[in-house]
Amino acid sequence: MSKKTIDQLDVRGKKIFIRADFNVPQNDDGSISDDRRIRSTIPTIESVLKRGGSVIVASHLGRPEGKGHEPQYSMKAVAQRLRELLAGIAGTVHLSSVLPSQAHAEAAALKAGEVLLLENLRFEKGEKKGDAQFAAAIAPYADAYCNDAFGASHRNDASMLALPLAMKPKPCVAGFLLSKELKFLGETLENARKPFVAILGGAKVSDKLPALEHMIGKVDSIIVGGAMAYTFLLAQGIAVGSSRVEKDLVEKAKGILELAKSRATKILLPADHNCAREFKADTQKNIFAGAIDDGWMGLDIGPQSAKLFASEIAKAKTVIWNGPMGVFEMPPFDAGTLAVAHAVIQATKSGATTVAGGGDTAAALEIAGLSSDVSHVSTGGGASLEMLEGKKFESLVPIDEA
Ligand code: AMP
């Protein structure tokens with residue numbers, strides 16, 4: 001089943017409420033450090049404006065506590081970036097409060113080609129609570145609802161679920177970004193071409209265990225790197241020095257290794273490690289093959305592991321990647337992540353479908369200048385992981401079927 005998309009909706013003379021994910025990282029001075037999430041929703045906004053509609057767009061930003069306006073979480077910088085990105089496309093881009101006392105009249109006065117950006121939805125306590133009353137107050141602003149906020153679609157915040165429900169029987173559609181994310185993370189993975197290789201990394205095993213477990217039996221092999229590999233190595237009785245481990249998950253990790261064996265899913269763990277005495281770049285370093293000595297911590301996969309992982313990735317027709325192989329923010333411990341990134345790019349060039357998800361994986365690809373070379377880079381961290389866990393999102397239920 002696929003969802004109806006914005007281009008399938010007649011928008012001429014209509015006001016479209018677009019729930020976007022403009023939860024962008026900001027510098028200390030409030031400027032936006034990475035605008036990828038804003039850029040990713042421009043095609044949806046543009047599609048409405050170019051066909052004679054107007055747009056009311058809203059998002060959350062950061063974690064305000066729902067106690068009204070907090071200047072550090074204002075959408076001001078987002079409004080400015082939207083103005084720049086929509087120059088020559090939108091008539092005006094105006095920033096308004098979410099509340100009906102201001103927004104209702106502004107939405108009513110909106111003309112074709114104009115954009116009204118609402119302030120941070122989480123300024124209102126009803127948003128996080130998924131409050132139906134809050135949603136009912138916003139529902140009259142527009143003639144149709146469009147979900148383009150993949151990054152928030154695993155949450156049942158009011159603007160994600162109660163709002164489209166309150167707007168029914170008005171049309172509810174998916175934006176281009178949401179529909180692309182669902183295509184790559186849902187359909188592609190459900191019907192993945194084999195061999196199917198999953199690459200999981202990052203700091204916390206606990207975050208990724210449900211996804212890892214769900215993929216056993218579905219993928220041919222799972223490459224595990226990053227700090228999470230050390231909990232698995234410990235489960236195999238291999239010494240890991242002072243590397244980061246989650247001791248309470250060692251038994252669980254053992255169980256997962258057994259399960260994988262019984263379902264013929266290969267789990268590849270790093271065979272060598274780029275280690276340091278302390279968690280910093282300018283300290284004594286050493287490469288350990290197999291066991292890591294006491295007093296050393298693994299901060300990246302070693303060169304042998306990078307080769308082993310790359311040759312597994314080279315065989316793949318489908319690759320899903322979530323999480324770095326090491327502390328990629330701190331060279332030289334970025335080498336393993338970069339080697340895997342290049343292997344994934346090479347696989348893409350050879351015709352594999354490659355999907356990268358999670359903020360750190362996207363950041364690593366961005367740093368390497370390789371983002372555009374994979375089939376898809378997901379804008380959603382938590383949401384993309386939950387899709388890999390096989391979860392169904394309630395927020396997608398109100399979206400009309402095509
Ligand atoms: P996550 O949010 O779980 O995807 O983890 C991403 C973080 O894991 C990044 O900030 C990496 O620096 C960190 N990381 C990756 N490998 C290691 C490691 N071996 N030791 C400590 N942190 C790591």
Side-chain angles (χ1 to χ4, degrees), residues 23 25 33-34 151 154 185 198-213 215 222-235 238-247 249-250 252-253 268-281 283-293 295-306 309 320-341 344 355-368 377-389:
N23 186 25
S33 57
D34 179 356
H154 58 315
L185 286 157
I199 310 162
L200 290 177
K204 282 172 99 184
V205 192
S206 43
D207 284 355
K208 308 225 162 109
L209 268 188
L212 206 155
E213 223 169 343
M215 284 190 283
I222 305 176
I223 290 171
V224 181
M228 62 182 283
Y230 300 113
T231 303
F232 283 92
L233 289 168
L234 208 55
I238 297 171
V240 297
S242 53
S243 306
R244 183 180 169 148
V245 286
E246 284 169 78
K247 286 218 169 77
L249 290 175
V250 171
K252 178 90 189 162
L268 282 87
L269 295 170
D272 62 343
H273 317 277
N274 206 343
C275 299
R277 282 278 188 203
E278 294 167 85
F279 192 89
K280 55 185 195 183
T283 182
Q284 213 185 336
K285 300 175 194 72
N286 201 0
I287 290 176
F288 287 89
I292 300 174
D293 286 355
W296 291 89
M297 62 177 80
L299 294 183
D300 192 15
I301 58 169
Q304 296 253 32
S305 312
F309 292 178
I320 172 90
W321 178 20
N322 192 307
M325 296 292 102
V327 187
F328 74 98
E329 309 93 327
M330 195 163 73
F333 303 108
D334 57 346
T337 302
L338 290 179
V340 162
V344 173
V355 182
D360 284 306
T361 318
L365 283 165
E366 196 79 31
I367 291 168
V377 182
S378 176
T379 52
S384 67
L385 207 52
E386 288 200 16
M387 283 211 84
L388 299 185
E389 291 166 18

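Read the numbers this way: they start at 1 and go in the same order the structure lists the ligands and their atoms. Throughout, numbering of the chain's residues begins at 1 and tracks the sequence. Model, not experiment: these values are computed from the prediction. Values reported hereafter were calculated over all heavy atoms of this structure, with side chains retained and with hydrogens, waters and symmetry mates removed.
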Check if [X] has a non-hydrogen atom at a distance under 4.0 Å from any atom of ligand 1.
X: Lys208; value: yes
X: Gly358; value: no
X: Tyr230; value: yes

Among all the protein's non-hydrogen atoms, which is closest to [atom], and how far away is it?
atom: atom 17 (C) of ligand 1; value: Ala227 N, 3.4 Å
atom: atom 23 (C) of ligand 1; value: Val327 CG2, 3.6 Å
atom: atom 6 (C) of ligand 1; value: Asp360 OD2, 3.1 Å
atom: atom 9 (C) of ligand 1; value: Glu329 OE2, 3.2 Å
atom: atom 14 (N) of ligand 1; value: Gly326 O, 3.9 Å

With the side chain counted from C-beta on, respond yes when Trp296 and His273 share a heavy-atom pair under 4.5 Å apart, and no when they do not.
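SC-SC contact between Trp296 and His273 ruled out.
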
Any idea which of Ala203, Gly201, Cys275 brings a heavy atom closest to atom 3 (O) of ligand 1?
Ala203

Name the residue from Leu200, Val355, Ile223, Leu365 that meets the side-chain contact (heavy atoms from CB on, under 4.5 Å) definition with Trp321.
Leu365

Can you list the atoms of ligand 1 that are under 4.0 Å from a heavy atom of Gly298?
18 (C), 19 (N), 20 (N)

